[in-house]
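Since we're looking at a predicted model, the values are computed, not measured. We count ligands from 1, going down the list as the structure has it; atoms in each ligand are counted the same way.
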Amino acid sequence: MSLPHFFIFFFCVSLCVSSSFSALLAPITKDHTTRQYTLSVYLKTPLQPTKLVLDLGASFSWVDCTQNYTSTTYHSIPCSSSLCNAIASLACSNCFNPPGPGCANDSCAMFSENSVTRKAIIAEALVDSLALPTTDGRNPGRLGLIPEFVFSCSKTSLLKGLAKGVTGLAVSKAFSSPYLFALCLSGSPSAPGVAFFNSDGPYYFLPEIDLSKSLVYTPLLLNPVGITIITYYLHPSDEYFIGVTSIKVNGNNVPINQTIMTIDQNGFGGTKISTVVPYTVLQTPIYKAFTEAFVNESAALNLTVTKPVIGVCYNADDVSSTLVGPAVPTVDLVMQSDDVFWRIFGSNSMVRIVRKGVDLWCLGFVDGGANPRTAIVIGGHQMEDNLLQFDLGLKRLGFSSSVLLHRTTCSNFNFTTNNNLK
Ligand SMILES: *[C@@H]1O[C@H](CO)[C@@H](O)[C@H](O)[C@H]1NC(C)=O
Ligand SMILES: *[C@@H]1O[C@H](CO)[C@@H](O)[C@H](O)[C@H]1NC(C)=O
Ligand SMILES: *[C@@H]1O[C@H](CO)[C@@H](O)[C@H](O)[C@H]1NC(C)=O
Ligand SMILES: *[C@@H]1O[C@H](CO)[C@@H](O)[C@H](O)[C@H]1NC(C)=O
Ligand SMILES: *[C@@H]1O[C@H](CO)[C@@H](O)[C@H](O)[C@H]1NC(C)=O
Ligand SMILES: *[C@@H]1O[C@H](CO)[C@@H](O)[C@H](O)[C@H]1NC(C)=O
């Protein structure tokens, strides 16, 4: 499959949402058909509930403007404006259809990209009102308005491959300024997780547990080359990389060639975090060494891999359960030093597979092939019930490891509105 590559001059990385916001939040719901995570926001005037797929790695948010886009506050961005410069517009568009959202003359255009299908289109940029509940970290309060939310005004065809009911895609940094947000993804089909914007805590989960207190930090790394779908000339990638240096299974080092663990000058190698990848993907040599070590360490726990082998699976009957999921070897992603590691317990490493006649726990990691661009892509299943704080100002990621250890879950945020909040 050959991907389209577009080259753009970048002037400013910021999406230029100016005012300094109060703390905001959005519920995050998992779509179980696509395993995507969707953010619930309010868009337009009057405000309309809108669901957008959460994508950490994309450059811009976009919305399908071709269906039912009615709002009294939208406007396009003139090509000569500083805002147009700031969003790295690559084109100026004119429109000969009746004027409307996505159809204006002298209008700044930008990319919409779908990272699931790896399709991208150029569409007019649009500005409209967006609102999210304010929060004190405990409850949602009144809605807080982002009057000048910038997004790309896309088409219905780009929604293909995304969860039902969504009308676009959101990059989480677009809702915060300075760029600071935290995600707590829930795997529960009925109970949402939560995203916090513009707040470094507290993040309270029932019963009265502030998860900001259990964060450990590692640097967020810049990949010098952005090659998602679009190649931005002279612009680093918008994805979030972290410096995983080694992997341990039950405390024992998995032998891995160090070269692919760091990002090279062409943007290859390293470890990134992605909410559109359902299970962590490992480059083949890492996958092989890792599964071998896992099987080895499981044998020490008297766990035997089932046959016929579909990946690494164990009969659920043979696996006892703990506070943090099935009792299997722990997996540590070790960062800048031996004492900074993201510990992955059974609830995040294993996936329950119940089908006619089988009930298995299977290792939820995927072989990414011999030559992927990125050696390790940490996926949604491994992020669930972990709090992750992305601080682009301090260039660091805070991670909690499993919040189940603190006897709460990401679906334990109290979504009852407290109208007394300012
Ligand atoms: C457009 O809005 C109408 C009225 O609110 C609704 O019935 C219809 O389903 C909407 N169409 C789409 C494609 O969202
Ligand atoms: C754009 O300008 C052209 C030429 O002046 C005009 O025919 C067209 O109606 C304008 N389109 C919009 C959306 O205003
Ligand atoms: C590690 O990987 C690099 C790049 O793929 C390769 O050049 C090197 O020979 C490898 N080292 C070992 C010890 O296998
Ligand atoms: C698995 O265990 C065997 C025997 O204890 C050992 O020789 C081998 O190095 C181990 N492999 C890994 C990948 O840990
Ligand atoms: C594994 O099985 C052996 C033999 O049945 C037993 O002696 C040992 O205690 C078991 N180990 C664990 C970790 O359960
Ligand atoms: C959730 O928040 C509301 C509003 O502050 C409060 O009245 C309620 O007691 C909270 N629920 C729990 C289970 O603490």
Approximate separation, where rounding is to 0.5 Å, of Leu145 CG and Leu24 CG: 10.0 Å
Contacting atoms of ligand 2, where contact means under 4.0 angstrom from a heavy atom of Cys95: 1 (C), 8 (C), 10 (C), 11 (N), 12 (C), 13 (C)
Contact atoms of ligand 6, heavy-atom distance to Asn139 under 4.0 Å: 1 (C), 2 (O), 3 (C), 4 (C), 5 (O)
Aromatic Tyr74 / basic Lys44 pairing, under 6.0 angstrom, 45° off normal: no
Closest protein heavy atom to atom 7 (O) of ligand 2, given as residue, atom name and distance to 0.1 Å: Phe96 CD2, 4.0 Å
Ring geometry between Phe290 and Phe294 (parallel below 30°, tilted from 30 to 60°, perpendicular above 60°): tilted
Cationic tip of Arg373 above Phe268 ring, under 6.0 Å, 45° of axis: no
Atom 2 (O) of ligand 6 touched by protein heavy atom at under 4.0 Å: yes
Top protein contact for atom 4 (C) of ligand 3, by heavy-atom distance: Thr259 CG2, 4.0 Å
Aromatic contact, Tyr179 with Phe181 (centres under 6.0 Å): no
Atom 6 (C) of ligand 2: nearest protein contact (heavy atom, Å): Asn105 ND2, 4.1 Å
Proximity winner for atom 10 (C) of ligand 3, if only heavy atoms of Asn371, Asn257, Asp264 are counted: Asn257
Heavy atoms from other residues, nucleotides or ligands near CG of Asp338 exceed 12 (cutoff 6.0 Å): no
Heavy-atom nearest neighbour in the protein, as seen from atom 9 (O) of ligand 6, with distance rounded to 0.1 Å: Asn414 ND2, 4.8 Å
More than 12 heavy atoms of other groups within 6.0 Å of Arg407 CZ: no
Atom 14 (O) of ligand 6: the protein heavy-atom neighbour that sits closest, reported with distance to 0.1 Å: Leu206 CD2, 3.5 Å
